[in-house]
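As the structure lists them, so they are numbered: ligands from 1, and atoms in each ligand from 1. These numbers come from the heavy atoms of this one structure, side chains and all, not from hydrogens, waters or symmetry mates.
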Amino acid sequence: MTDHKNDGSEMDRKSEEETRETEQLTETGAARRGFLGRLGKGGAALAVMGLGAETAMQTMFQRSTLSSAVAAGIEGFHVDGKVDGFIWLNDRPINGELPPHLLHDEVTPFPNMFIRNNGVPPEKAGIDASAWTLTVHGEAANEEKSYTIADLKEKFEHHTLQIWIECGGNGRAAFEPSPRGNQWDLGAVGCPTWTGVRLRDVLEDVGYDADKAEYIGFKAGDAHLSGRDDLDALSRGCPMRKAVEDETLIVWAMNGEDIPEQHGYPLRLITPGFPGSASGKWLTEILVRDREHDGQGMTGHSYRVPRHPVEPGADVPNEDMVVLEEMPVKSLITYPQTGAETSVGSTLKVAGKAWDGHGDVEELHVSTDFGVTWQKADLKRPVNKFAWQTWEADIEFSEPGFHQVWAVATNSKGDRQPMVLPGWNPRGYGNNKAHHIDVRVKA
Ligand SMILES: Nc1nc2c(c(=O)[nH]1)N[C@H]1C(S)=C(S)[C@@H](COP(=O)(O)O)O[C@H]1N2
Ligand SMILES: [Mo]
């Protein structure tokens with residue numbers, strides 16, 4: 001068993017090293033974004049020149065068409081079975097997202113589920129699922145106990161829940177200056193169903209010291225990009241309060257089938273409401289820690305945000321960063337897509353999804369006048385806590401021309417999505433700015 005009691009200086013040194021490695025590996029991504037960023041701005045300028053006497057309205061259309069071309073990602077790469085239109089951001093590690101209109105399914109099917117890898121996944125062909133074990137141990141565990149997947153299936157009650165996963169960095173591409181990391185636009189989110197057992201039931205079976213237990217950490221079967229086997233690709237977790245919630249699961253199935261290779265086959269953790277990075281794929285170990293877990297991706301700036309707001313570009317010391325926990329309330333318009341056409345007097349059905357890290361979106365409003373007035377959408381209750389909620393609204397336009405439809409979700413605490421970018425942070429997490437689509441209305 002690995003020794004997890006590294007002293008602080010060892011951890012700092014290790015994570016600095018890893019940071020450098022990741023930086024090198026994402027350099028091409030950053031360069032690509034720089035290039036595309038220039039194309040975006042220059043392209044819009046060219047569009048203005050090319051259009052000559054045309055109206056500003058048409059220029060705006062031009063720009064939004066262009067930005068979807070800009071978001072096209074890398075070419076010539078795919079994972080079998082993923083939908084046409086999947087946006088590949090990187091092939092090592094494999095990362096890709098969806099344009100919002102490809103997230104319209106109520107339950108996200110495999111072809112439309114984003115992929116976020118930090119390292120190299122184990123190949124499904126090389127895995128004997130019947131021999132896969134999950135070992136639970138750690139400072140606050142009463143004993144060390146291992147379970148095969150068959151043991152988990154046999155010993156504990158099964159639960160199937162629809163639960164969304166959103167990458168903490170979803171929306172990062174909008175921040176300036178540009179934080180390093182995958183330049184996610186809007187679609188690093190999805191909501192399949194998951195089948196497995198409660199993490200709580202497994203923890204209770206192992207037994208733990210409730211006074212000592214602070215945090216859960218996971219270990220996984222993917223390899224660090226450097227190929228070094230003394231480094232984890234990712235080893236995050238969550239506080240005990242989250243670990244013992246009803247919806248926190250250890251799962252073996254996604255949408256009723258074996259979890260696909262890229263999504264964690266044969267076993268993964270689902271930590272609802274938290275950034276996707278807390279939902280460890282290819283799960284091999286659960287640590288019951290007596291402190292905040294300090295594995296790969298828990299320390300430094302990783303999946304952390306400044307304790308207090310900072311100015312864009314600020315160099316924030318590690319001690320002023322806190323772990324990103326519940327994701328902010330958010331929504332997407334998944335139907336129709338930007339560029340839709342309608343006419344004055346006819347009804348345009350607009351629909352989408354809404355979700356919230358605390359598990360309860362209360363209201364969804366749409367606006368066609370940039371937020372001056374709002375219309376309440378029909379928002380469904382979630383099929384279970386932490387499933388995203390579908391909504392729709394019938395919109396009519398009284399004036400022809402270029403319009404935007406904006407959607408804003410409000411959670412049960414009264415938190416509402418901002419229409420401008422939320423606060424910049426060093427790694428670009430938690431961007432829940434309201435989404436909009438452009439619509440052309442004919443006379
Ligand atoms: N072992 C392991 N688990 C992982 C990751 C990883 O790189 N390795 N990526 C995490 C991150 S950052 C996210 S957002 C989600 C993405 O899940 P998906 O690829 O199934 O959509 O998985 C999480 N679990
Ligand atoms: Mo993520």
Inset, instruction - For Gly280 and ligand 1, answer yes if some heavy atom of the residue is under 4.0 Å from a ligand atom, otherwise no. - result: yes

Legend entry - Heteroatom distance test (Ile165, ligand 1): nitrogen or oxygen, under 3.5 angstrom: no

Legend entry - Protein contact of atom 24 (N) of ligand 1 - nearest heavy atom, named by residue and atom, plus distance: Ser279 O, 3.0 Å

Legend entry - Within reach of ligand 1, part of Trp184 (heavy-atom separation under 4.0 Å): neither

Legend entry - Ligand-residue contact atoms, ligand 1 with Ile115, heavy atoms, under 4.0 Å: 19 (O)

Inset, instruction - Show which atoms of ligand 1 fall inside a sub-4.0 Å distance from at least one heavy-atom site of Ala220. - result: 1 (N)

Inset, instruction - Identify the heavy atoms of Trp391 and Val366 that sit nearest to each other, and give their distance. - result: CZ3-CG1, 3.8 Å

Inset, instruction - Provide the number and element of each atom of ligand 1 under 4.0 Å from a heavy atom of Cys167. - result: 14 (S)

Inset, instruction - For Tyr303, counting its heavy atoms only, list the atoms of ligand 1 lying under 4.0 Å from any of them. - result: 12 (S)

Inset, instruction - Just need the protein heavy atom nearest to atom 23 (C) of ligand 1, so name the residue and atom and give the distance. - result: Gly276 O, 3.3 Å

Legend entry - Closest to atom 11 (C) of ligand 1 among Pro93, Ser277, Gly168, Gly190 (heavy-atom distance): Ser277

Inset, instruction - May I ask you to identify the nearest protein heavy atom to atom 19 (O) of ligand 1, giving residue, atom name and distance to one decimal place in Å? - result: Lys281 NZ, 2.5 Å

Legend entry - Which atom of Leu102 lies closest to which atom of Phe86, heavy atoms considered: CD1-N, 4.4 Å

Legend entry - Closest contact, heavy atoms only, Asn170 versus Gly187: OD1-N, 3.5 Å

Legend entry - Identity and distance of the protein heavy atom lying nearest atom 21 (O) of ligand 1: Phe114 O, 2.6 Å

Inset, instruction - Answer yes or no: is there an ion pair linking Arg304 with Glu292, defined by an N-O contact shorter than 4.0 Å? - result: yes

Inset, instruction - Would you check if the side chain of His101 reaches a backbone N or O of Pro336 as a donor-acceptor pair within less than 3.5 Å? - result: no

Inset, instruction - Please state whether Arg268 comes within less than 4.0 angstrom of ligand 1, counting heavy atoms only. - result: yes

Inset, instruction - For ligand 1, note which part of Asp222 has a heavy atom under 4.0 Å away: side chain, backbone, both or neither. - result: side chain

Inset, instruction - Show which atoms of ligand 1 fall inside a sub-4.0 Å distance from at least one heavy-atom site of Met113. - result: 21 (O)

Inset, instruction - Examine Asn117 against ligand 1 and note whether any of their N/O atoms are separated by less than 3.5 Å. - result: no

Legend entry - Charged N-O contact under 4.0 Å between Glu326 and Arg241: yes

